[in-house]
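Data first, discussion second: the structure below is written as structure tokens.
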2 protein chains.
Amino acid sequence: MQYLNIKNEILQQIESGLLTSGQKLPSERKLAESFNTTRVTLREALSLLESEGRVYREDRRGWFISPEPLRYDPTNTTNFHRLAQSQQRTPKTELISATMVPADNHIAQLLQIAPQTEVLKIYRVRYLDDRPVVLVTNYVLPERLPNLLSHDLSASLTDIYQQHYDTLYQRTHYRIRSSSLVADTAAPLRATSGCAAMYIERVNYDQHDNLLDCDLEYWRHDAVMIEAQATRQQ
Amino acid sequence: MQYLNIKNEILQQIESGLLTSGQKLPSERKLAESFNTTRVTLREALSLLESEGRVYREDRRGWFISPEPLRYDPTNTTNFHRLAQSQQRTPKTELISATMVPADNHIAQLLQIAPQTEVLKIYRVRYLDDRPVVLVTNYVLPERLPNLLSHDLSASLTDIYQQHYDTLYQRTHYRIRSSSLVADTAAPLRATSGCAAMYIERVNYDQHDNLLDCDLEYWRHDAVMIEAQATRQQ
DNA sequence: GAGTGGTCTAGACCACGTA
DNA sequence: ACGTGGTCTAGACCACTCA
């Protein structure tokens with residue numbers, strides 16, 4: 001199995017420090033030639049490294065070495081910016097859109113409302129060190145947080161909730177599964193259709209146990225590692 | 001993009017109920033012919049469905065429709081068998097090996113012991129409805145749980161701990177990331193090298209907050225969905 | 001405009017699973 | 001023994017990126 005050997009050689013180059021975080025690999029044609037194989041086989045090796053989270057692709061831009069993943073605790077959701085900075089990463093949030101939309105069946109179920117009820121949809125992309133790593137969609141119950149649109153939504157929602165609504169995230173129900181990016185979810189992350197992703201879904205409650213909002217997050221799967229503590233409830 | 005159309009057609013057949021859970025797909029050559037394309041392109045479409053968790057492969061056996069994932073709460077780890085049964089699934093655990101081994105660096109760090117310290121390694125495969133879905137390796141501190149080897153290790157460790165050692169899992173520190181299966185991890189799950197996986201790592205403490213053991217789990221990524229609740233600690 | 005990655009073709013051989 | 005999936009070759013065209 002040639003592609004396993006190629007994969008291992010590239011892996012060695014990464015671990016030896018010859019190739020470093022964020023660095024772009026040579027072109028597929030050059031790599032294929034240097035390993036004396038075809039592009040198809042070379043791409044097989046790269047795909048394997050991709051699924052192990054060691055390299056990633058940007059659509060039509062090429063292959064890059066993956067940085068260390070962000071350690072992310074979904075139970076202590078607070079603040080993406082603080083989290084990133086505490087791990088010596090440079091965060092950035094880009095607001096793509098924020099509009100009222102009717103809830104589809106899935107969102108209605110999460111928020112425990114009737115389908116087609118109007119909710120505020122906030123759609124953002126978050127970056128680490130100038131790489132887009134996660135697509136976050138928040139659906140917010142407007143009666144709980146009126147006039148949210150008047151605030152700067154590229155800042156942290158947690159902070160806005162706290163400072164302007166005296167509202168805290170207290171309890172969270174979360175789900176995690178692996179998934180993949182297609183078309184609309186792939187493009188803002190500069191990914192190719194079919195790119196593996198980590199999907200995190202959360203439903204958040206405030207200090208009075210009122211349902212506040214939910215968020216759906218699509219992470220580049222190499223960019224994140226879940227890390228949390230739990231104490232058994234009984 | 002032909003492979004996207006093919007993917008969608010197969011997806012429709014799944015969602016329409018034409019293809020059902022666990023069912024084997026026709027051979028790649030037949031599928032390729034029926035979609036009027038080559039095997040390479042057809043496999044591209046199947047790989048996409050695989051990364052979305054809709055189909056899975058068994059090495060050299062073919063492609064199958066993925067059942068619903070098991071909903072798994074790592075914070076309430078209890079018992080694989082009870083969990084599976086509560087979701088109308090048929091569980092099975094197969095003990096592959098249970099031996100004393102010197103801890104490697106990673107395990108030593110997790111268990112907070114010196115590298116090369118002897119620990120009990122329990123290596124098991126778990127099945128849902130006769131499909132192998134997860135490879136579980138436990139590393140147990142022998143002084144905490146002496147003579148563990150004398151028990152039936154295809155049963156639940158939680159139950160053995162509780163019944164024979166008066167020991168409960170109380171606190172858990174867990175990590176989750178996406179990963180992939182290679183060689184040794186792939187074979188027991190009947191997977192191909194490079195198959196996407198969900199990696200879950202836990203360090204478990206008892207009711208006196210003594211470190212007990214750790215477990216490393218490699219799940220077929222389509223077979224599991226993490227689901228948990230958390231209340232903020234402050 | 002050159003070179004790149006994304007996609008696709010039309011084959012091939014082999015080792016393995018299954019009957 | 002047959003057919004299968006796993007792997008590989010040697011091309012090709014296109015749309016896009018980037019200098």
Side-chain angles (χ1 to χ4, degrees), chain A residues 1-10 22-51 55-65 130-132 180-183 186-196, chain B residues 1-10 22-51 55-65 130-132 180-183 185-196 220:
Chain A
M1 256 122 43
Q2 203 175 338
Y3 73 88
L4 282 181
N5 298 331
I6 297 175
K7 182 214 111 181
N8 286 329
E9 286 195 45
I10 299 177
Q23 191 178 332
K24 188 175 185 306
L25 293 176
S27 79
E28 293 181 357
R29 286 171 177 82
K30 279 183 188 145
L31 282 172
E33 195 183 4
S34 81
F35 288 112
N36 200 25
T37 184
T38 58
R39 269 180 76 206
V40 175
T41 301
L42 175 87
R43 280 169 68 93
E44 192 92 9
L46 289 174
S47 298
L48 189 42
L49 286 168
E50 186 185 28
S51 75
V55 304
Y56 66 94
R57 252 192 294 185
E58 298 209 341
D59 193 39
R60 291 175 191 284
R61 275 183 202 84
W63 296 84
F64 302 83
I65 307 295
D130 288 323
R131 173 190 177 204
S180 74
L181 305 170
V182 277
L189 295 178
R190 297 187 206 139
T192 327
S193 266
C195 179
Chain B
M1 257 122 42
Q2 204 174 337
Y3 73 88
L4 282 181
N5 297 331
I6 297 175
K7 184 215 111 180
N8 286 329
E9 285 196 45
I10 299 178
Q23 191 178 332
K24 188 176 185 307
L25 293 176
S27 80
E28 293 180 357
R29 287 171 176 83
K30 279 183 189 146
L31 281 173
E33 194 183 5
S34 81
F35 288 112
N36 200 25
T37 184
T38 59
R39 268 181 76 206
V40 176
T41 301
L42 175 86
R43 281 169 67 92
E44 192 91 9
L46 289 173
S47 298
L48 190 41
L49 285 168
E50 188 186 28
S51 75
V55 304
Y56 66 95
R57 252 193 295 186
E58 297 209 342
D59 193 37
R60 290 174 193 284
R61 276 185 201 83
W63 297 84
F64 301 84
I65 307 296
D130 288 322
R131 175 191 176 201
S180 73
L181 304 170
V182 276
T185 46
L189 295 178
R190 299 188 203 139
T192 325
S193 267
C195 178
R220 294 284 293 222

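Chain letters run A, B, ... following the sequence lines, proteins first and then strands; every chain starts at 1.
When the side-chain hydrogen bond (donor to acceptor under 3.5 Å, both in side chains) test is applied to B:Thr37, the partners found at least two apart in sequence or on another chain are B:Gln2. In this structure A:Ser193 satisfies the side chain to side chain contact (heavy atoms under 4.5 Å, CB included) test together with A:Val182, B:Tyr3, B:Leu4, sequence neighbours excluded. Under the rule for a salt bridge (Lys or Arg N to Asp or Glu O under 4.0 Å), the partners of A:Glu28 that lie at least two apart in sequence or sit in another chain are A:Arg39, A:Arg43. Under the side chain to side chain contact (heavy atoms under 4.5 Å, CB included) criterion, B:Glu9 pairs with B:Phe35, sequence neighbours left out. Evaluation of the side-chain hydrogen bond (donor to acceptor under 3.5 Å, both in side chains) rule for B:Glu33 yields no partner, not counting sequence neighbours.
As a whole-Å value, the separation of B:Glu33 CD from D:dT4 C1' is 15 Å. The distance from atom CZ of B:Phe64 to atom P of C:dG17 is 12 Å, rounded to the nearest whole Å.
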Once base and sugar-phosphate atoms are separated, protein heavy atoms under 4.0 Å mark nucleotides 1-8 of chain C, 5' to 3', with B, S and - as ---BBBBS
